[in-house]
Amino acid sequence: MPVVCLSVWLLATSANNQTWQNEQQPAAQAQTVSGKIASVDKSSFSINVTSAGQHVSTTAGAPKTMTFQIDKNTTVEGQLQVGANAEVTYRQDNGSNIAISVRVS
């Protein structure tokens, strides 16, 4: 009988620890920006931001450039090419912008 009680206690403790960890690590919130593609690389691209879900600050009227990492989960509609307009939905992960989806028009 002590083995069963220990197993139940371990499962309950594990569940409580998982809940606590989830509360301490909030999910990255998706954000959206749009603009003209400034550069394209094998695993990343940059855009000159023209509009965003939040206020985009610029320096002396110059557009803000943002770089996005592309991973195996990124969905791309259209072709990433310099000069094309793009709308990017992304999340931040360890200081990097990870593209979730890109729509090129």
Side-chain angles (χ1 to χ4, degrees):
M1 188 72 156
V3 173
V4 172
C5 291
L6 179 59
S7 295
V8 171
W9 179 80
L10 287 174
L11 287 173
T13 302
S14 176
N16 285 340
N17 284 341
Q18 185 63 36
T19 301
W20 180 78
Q21 288 175 351
N22 288 341
E23 290 173 359
Q24 297 299 318
Q25 299 173 353
Q29 197 170 37
Q31 300 177 55
T32 302
V33 295
S34 60
K36 286 199 180 287
I37 298 175
S39 66
V40 179
D41 194 5
K42 180 179 176 183
S43 61
S44 66
F45 67 98
S46 298
I47 67 170
N48 293 325
V49 178
T50 56
S51 67
Q54 298 177 346
H55 175 71
V56 178
S57 59
T58 58
T59 305
K64 177 179 179 178
T65 301
M66 293 181 71
T67 300
F68 301 92
Q69 302 300 312
I70 302 169
D71 65 15
K72 62 182 177 164
N73 299 316
T74 305
T75 59
V76 180
E77 287 182 38
Q79 184 175 359
L80 293 173
Q81 56 186 359
V82 174
N85 291 316
E87 181 178 88
V88 184
T89 300
Y90 69 99
R91 64 181 168 80
Q92 292 186 327
D93 186 18
N94 293 326
S96 295
N97 299 320
I98 310 299
I100 298 169
S101 66
V102 185
R103 188 175 53 157
V104 181
S105 55

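Atom set for the values below is all heavy atoms of this structure, side chains included, hydrogens, waters and symmetry mates excluded. For reference, positions follow the sequence shown, starting with 1.
Residues Val49 and Ser51 fail the side-chain proximity criterion, which asks for heavy atoms closer than 4.5 Å. Counting only heavy atoms from C-beta outward, the side chains of Thr32 and Glu87 approach each other to under 4.5 Å.
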Requested in this report: Verify side chain to side chain contact (heavy atoms under 4.5 Å, CB included) between Phe68 and Val33, making sure each step is shown before the conclusion.
Outcome: CA-CA 11 Å; Phe68 301 92; Val33 295; 3.6 Å; yes

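Here CG of Asp41 is found 4.5 Å from OG of Ser44. Values are rounded to the nearest 0.5 Å. Atom CD of Gln92 is separated from atom CD of Gln31 by 5.5 Å, given to the nearest 0.5 angstrom. Atoms CG and NZ, on Asn48 and Lys64 in that order, are 12.0 Å from each other to the nearest 0.5 Å.
Applying the side chain to side chain contact (heavy atoms under 4.5 Å, CB included) test between Ile37 and each of Val102, Leu80, Val88 identifies Leu80 as the sole match.
Heavy atoms only, all atoms of each residue included: Ile47 and Gly35 are closest at CD1-N, 4.0 Å. When every heavy atom of Val104 is checked against every heavy atom of Ala84, the shortest pair comes out as CG1-CB, 3.6 Å. Of all heavy-atom pairs spanning Ile100 and Tyr90, the tightest one is CD1-C, 3.8 Å.
Residues Glu77 and Arg103 are not paired through a salt bridge, judged by the lack of any N-O separation under 4.0 Å between the basic side chain and the carboxylate.
For the side chain to side chain donor-acceptor pair (under 3.5 Å) condition, the pairs that include at least one residue of residues 66-76, sequence neighbours left out, are Ser46-Thr67, Asp71-Thr74.
Linking ILVMFWY residues whenever their side-chain heavy atoms come closer than 4.5 Å, directly or via other members, leaves Phe45 and Ile98 in distinct clusters.
At a cut-off of 3.5 Å, with distance as the only test, no side-chain donor of Asn85 or Ser105 sits close to an acceptor on the other residue.
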